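The structure under discussion appears below in the form of structure tokens.
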Amino acid sequence: MLARYRILLPVISLAVLLCLTFWMQPRAMSYFGLNLLFNLAVPIALATIAQMIIIMVNDIDLSLGAFVSLVACVTATWLNDAPLIGVLVLMALILTYAAMGAVIHMLELPAIVVTLGMSFVWGGLALFLLPTPGGASPAWIRTLMTIKPPFIPMAVLAAIIIAALTHLLVIRSKLGTVLRGLGGNTRSIARAGWNVTALKATAYGLSGLFGVLAGMALVGLTTSADANIALRYTLLSIAGVILGGGEFTGGKVSPTGAVIGALTLTLAASFLSFLRLSPDWQIGAQGAILILVLTARLLFSRKGAAT
Amino acid sequence: MKTIMTGAATLALLAGAAYAEGTADKRIALSNNYAGNSWRQAMLQTFEETASAAVADGVVAAADAFTTSENQTTEQAAQIQNMILQGYDAILLNAASPTALNGAVKEACDAGVKVISFDSIVTEPCAWRIAVDFVEMGRQEMDYVASRLPEGGNLLEIRGLAGVSTDDAISKGIHEGVAKHSQFEIVGAVHGDWAQDVAQKAVAGILPSLPDIVAVVTQGGDGYGAAEAFAAAGRPTPLIVMGNRQDELKWWAEQRDANGYETMSVSIAPGVASLAFWVAQQILAGEEVPKELTVPFLTINQDGLDAALETTPEGSVANVSYSLDDAKAVIAGAK
């Protein structure tokens, strides 16, 4: 499948789902409605980008949900009460993520095991910080997340900005290109004289940065945090990356696709709820939508390979 | 009790019809975060019964229940936003978190949707809260014990799950009650985690070190386990306050038939969902309703035991369906 068509399928999936939703619930077809449909997709989109950067270097991050929850707890407590300490803690978290990447590469540990272990560390820290739900969102984040720009709802505008910036970062910039190369063929990048440990650390650090942004955006929407607030994000973000045209083989990712994937997943959940599907079936139905899109992709790529 | 409940429901419907004018075109949604235990199942069933009767009667246009599939706050926040989009006039909310849904609740309020939280309430000021006064529940237990045993004596306290606010509140009420009835003294306390097996183990562990116990004050779900532990230790059965679980009621009835055992049972009824429904109906009808409401407990005394046991399915918990009049009484009580 050519890279430029990689984006086509996610766009079509989102468009189809959006049309169905509008048909089911015409009220959603408005400034207000679009914002309600998609505002919780903004932190998911950021988390999906974080996951995408890890998948891009051929790893997988099972700690992302717990990490975003921890960031949400830090944001709702320290960043609100003592902004300086809050910023320092968040930066320390990003550095920890970078260190995690370096350790994974240097000791040749499987990322899936390390991140799974770290998820308990993040979860424990979050519980330590906020044993019972609470805290408050810093006013400026709340303002940012509830801003009402003219014509385009905040959620849609944010998705466009995230997609554009990460496209520049991952696809166009020198660093992004090297990082994609790292995922595609680590050895050739190493032979070309790059310090692979530093590159892995950079990728993980970037991922941590987007994880932090996701947690902050989430608190801006919910106004407070609890230690389990974002546990679903681990699987949602992986699904978002794959739905958006990314592949597990490393190096083959699409930032725009990932953002669209996150929007599609959020929309799928709403659509199923509009359908009045029993909750027992909803997870299964969400999975079915995912499989449907992946099957379509497989068919397309087979066809592409044949011609 | 069944006939009483049916009677109450009929009354509620009659009264509901009279109040239907203002709310006949209104739609109410229930946002529920969890359905994985008997209490929640009973809650959903009671809501379903109340809601379908009210819809059939034309009191409201629709009343639908939604349960999130994963008990996650982000999922429930999205669910609430979807309800706003679907144009519901009121949302009943059993919340996954007291604070993390506040953003979504505020959005609902801003869109003109009334949000009524019950059982697990939210702190957002624009929402209504139907809460349980667990401290009062503890106090009432002590008042009952004092009325039965005016001469006083040693008490064993069984607490709930450590670190949960409900446990602190009930225990606080019990301790206030002990301070009021100073002839009693709590000589031992264990955590029973609201589960019979845990309570039995904990009580069995502490019993050998305790003097004679005249009464056991509990939090619900632990009375049967305590009774078993006393029997296993060969000690006389004290006065054990029960918590409306079917196994507790069954044990109580057996003891009563065998030796005239007397006690009381108290807990919160899953039917609180039907109370929330009628409160929402009153709010939609334009009634002035205070934001903070308190749910009455479901107390079962000696006379009501047989009826309660009969209507409580095995493994479940005693329930009651609240009527419009109950809701009005609760609202009037809070004013």
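First the proteins, then the strands, lettered A, B, ... as listed; each starts at 1. Everything numeric in this text was worked out from a predicted model, so none of it was measured.
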For this session: Using a cut-off of 6.0 Å, state whether more than 12 heavy atoms not belonging to B/Glu314 lie near its atom CD.
Result: no

Problem set entry | Those residues of residues 72-81 of chain B, ordered by number, that approach chain A below 4.5 Å (heavy atom to heavy atom) | B/Gln72, B/Thr73, B/Thr74, B/Glu75, B/Ala77, B/Ala78, B/Gln81

Exercise. Does NZ in B/Lys172 sit with more than 12 non-hydrogen atoms of other residues, nucleotides or ligands closer than 6.0 Å?
Worked result: no

Exercise. Looking only at heavy atoms, what is the nearest atom pair of A/Thr222 and B/Ala100, with distance?
Worked result: CB-O, 3.1 Å

Exercise. Side chain of A/Ser224, backbone of B/Thr99: donor and acceptor closer than 3.5 Å?
Worked result: yes

Problem set entry | Under 4.5 Å from a heavy atom of chain B, the part of A/Ala225 involved | backbone

Problem set entry | Check against side-chain contact (heavy atoms from CB on, under 4.5 Å), B/Asp64 and A/Arg276 | CA-CA 9 Å; B/Asp64 308 308; A/Arg276 299 268 179 88; 3.1 Å; yes

For this session: Mind checking the CD-CG spacing from A/Gln25 to B/Leu85? Nearest 0.5 Å is all I need.
Result: 6.5 Å

Exercise. Between CZ of A/Phe32 and CG of B/Asp110, what distance do you get to the nearest 0.5 Å?
Worked result: 8.0 Å

Problem set entry | Heavy-atom neighbours of A/Leu275 CG exceed 12 at 6.0 Å | yes

For this session: Please determine, among B/Val105, B/Leu101, B/Ile84, the option with the most heavy-atom pairs under 4.5 Å with chain A.
Result: B/Ile84

Problem set entry | Per-residue contacts, residues 116-137 of chain B versus chain A, heavy atoms under 4.5 Å | none

For this session: Name the option with the most non-hydrogen atom pairs under 4.5 Å to chain B; the candidates are A/Leu218, A/Leu37, A/Leu231, A/Asn39.
Result: A/Asn39

Problem set entry | B/Glu107 versus chain A, the contacting section by heavy-atom distance below 4.5 Å | side chain

